[in-house]
Amino acid sequence: MLRGLSRASLAEVEERFNAVAGSADLGSLADELFAVADLFDREHGLRRNLSDPARPAAQKAQAVRVLLEGKVSGAALETVIAAVSAKWARSGDLADALERLGVIAAAAEAEAASRLDDVEDELFRFGRIVASNLELNRTLTAPGVPAQAKQELLGSLLAGKVAPTTLRLISQLVVYPRGRSLDRGLEEFGYLVAAQRQRLVAVVRSAVELSEEQKRRLATWLRTSYGRDVHLNVEVDPRVLGGFSVHIGDDLIDTTIAGRIEEVRRRLAG
């Protein structure tokens, strides 16, 4: 998470990104920003030089033009120039910001295609699949498995079955994990996608599948409580025994029987 100086710089860079992304091919822009973020991750010396607050912004901008002009779109080039011209609390925040803007570009592509809800749901469901399939998890996260093999596996599993944006985001996380676990990366990207429409994400655990009417009523209640739209990721889990729990950020609303039993155990132990 970007904080302090880096958070303020991200807001400035995102303003420039919004100004140039309107006429861009958003999917290609996302891929280009991901590629530059990955380049800065690999080339530590380059990243340090381009994030060095002591170097003049014009000098860093010129270095980016020499490096990238003709290799990426104008929108991507202008975004990267804005990023290297900003000041960051640590050098790694530069690559983090570019990846974040790549996710925003991909989410905007999905929103334009009216598939943003699909992407949110598919990222969540893929996370559940990976969490329950240890062999798949090991294959996708093993450093020794070539990137091409991982991409081919993802293509065979997901191509034509999920939104193109979903496959793009999952591929980025699998091929370039950037020090994250896959489940953590899916969670981070899920929140960024949800933020495309300024919505909160609620993870709902229930013993049984909720009806569409129950989901609608729960979403309405949460929207009233939090003052923002809330996207529901519903997970059926027989271990909750009855009722349901809702996890939003650091907040937990637990009406499950299992939760009540655990609360009684804590009180008895205390």
Are [X] and [Y] packed together at the side-chain level, in the sense that at least one heavy-atom pair is separated by less than 4.5 angstrom?
X	Y	result
E12	K87	no
T166	L158	no
F126	L154	yes
V193	L169	yes
H44	R47	yes
L67	L46	yes
F34	R168	yes
V246	W221	no

To the nearest 0.5 Å, tell me how far [X] [atom1] sits from [Y] [atom2].
X	Y	atom1	atom2	result
L39	L68	CG	CG	7.5 Å
S225	L222	OG	CG	6.0 Å
L167	S171	CG	OG	4.0 Å
L140	I170	CG	CD1	9.5 Å
E78	F17	CD	CZ	13.0 Å
D25	E109	CG	CD	7.0 Å

What is the minimum heavy-atom distance between [X] and [Y], and which atoms define it?
X	Y	result
A61	I81	CB-CG2, 3.7 Å
E14	L101	CG-CD2, 3.9 Å
L252	S245	CD1-CB, 4.3 Å
V175	Q151	CG2-CG, 3.6 Å
S156	K161	O-NZ, 4.0 Å
S73	E32	OG-OE1, 2.7 Å

Checking R48 against D52 for the side-chain contact (heavy atoms from CB on, under 4.5 Å) test, could you report, in this order, the C-alpha distance in whole Å, the side-chain angles of both residues, the deciding distance, and whether it holds? CA-CA 6 Å; R48 283 195 298 270; D52 184 355; over 6 Å; no
**Request:** Report the C-alpha separation of S181 and T141 in whole Å, then their side-chain angles, then the decisive distance to 0.1 Å, and conclude whether the side-chain contact (heavy atoms from CB on, under 4.5 Å) test is met.
**Result:** CA-CA 8 Å; S181 65; T141 58; over 6 Å; no
hydrophobic_cluster_shared for [Y] and [X], side chain cutoff 4.5 Å:
X	Y	result
V36	V20	no
V162	I129	yes
L136	L182	yes
L157	L123	yes
F189	F124	no

Main chain of [Y], side chain of [X]: is a donor-acceptor contact present, judged purely on distance under 3.5 Å?
X	Y	result
K150	A142	yes
N49	G45	yes
S91	S51	no
R180	P177	yes
W88	A83	yes

Problem set entry | Whether over 12 other heavy atoms sit under 6.0 Å from E15 CD |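 Check fails, neighbour count at 12 or below.
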Would you say NZ of K71 has more than 12 non-hydrogen atoms from neighbouring residues, nucleotides or ligands within 6.0 angstrom?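 Atom NZ in K71 is not packed in, count stays at 12 or less.
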Notebook entry, point to check: Between E135 and R138, does a salt bridge (charged side-chain N to carboxylate O under 4.0 Å, His left out) hold up when you go through it step by step?
Noted result: CA-CA 5 Å; E135 183 177 356; R138 279 195 294 266; 5.9 Å; no
Charged N to carboxylate O under 4.0 angstrom, [X] versus [Y]?
X	Y	value
D96	R178	yes
D237	R128	no
R184	E188	yes

* To do: Go through the steps to decide whether Q59 and Q62 satisfy the test side-chain contact (heavy atoms from CB on, under 4.5 Å), and finish with yes or no.
  => CA-CA 5 Å; Q59 187 182 92; Q62 181 57 28; 5.9 Å; no
### Message
Does L210 form a side-chain contact (heavy atoms from CB on, under 4.5 Å) with V236? I'd like the steps, not just the answer.
### Response
CA-CA 9 Å; L210 299 182; V236 176; over 6 Å; no
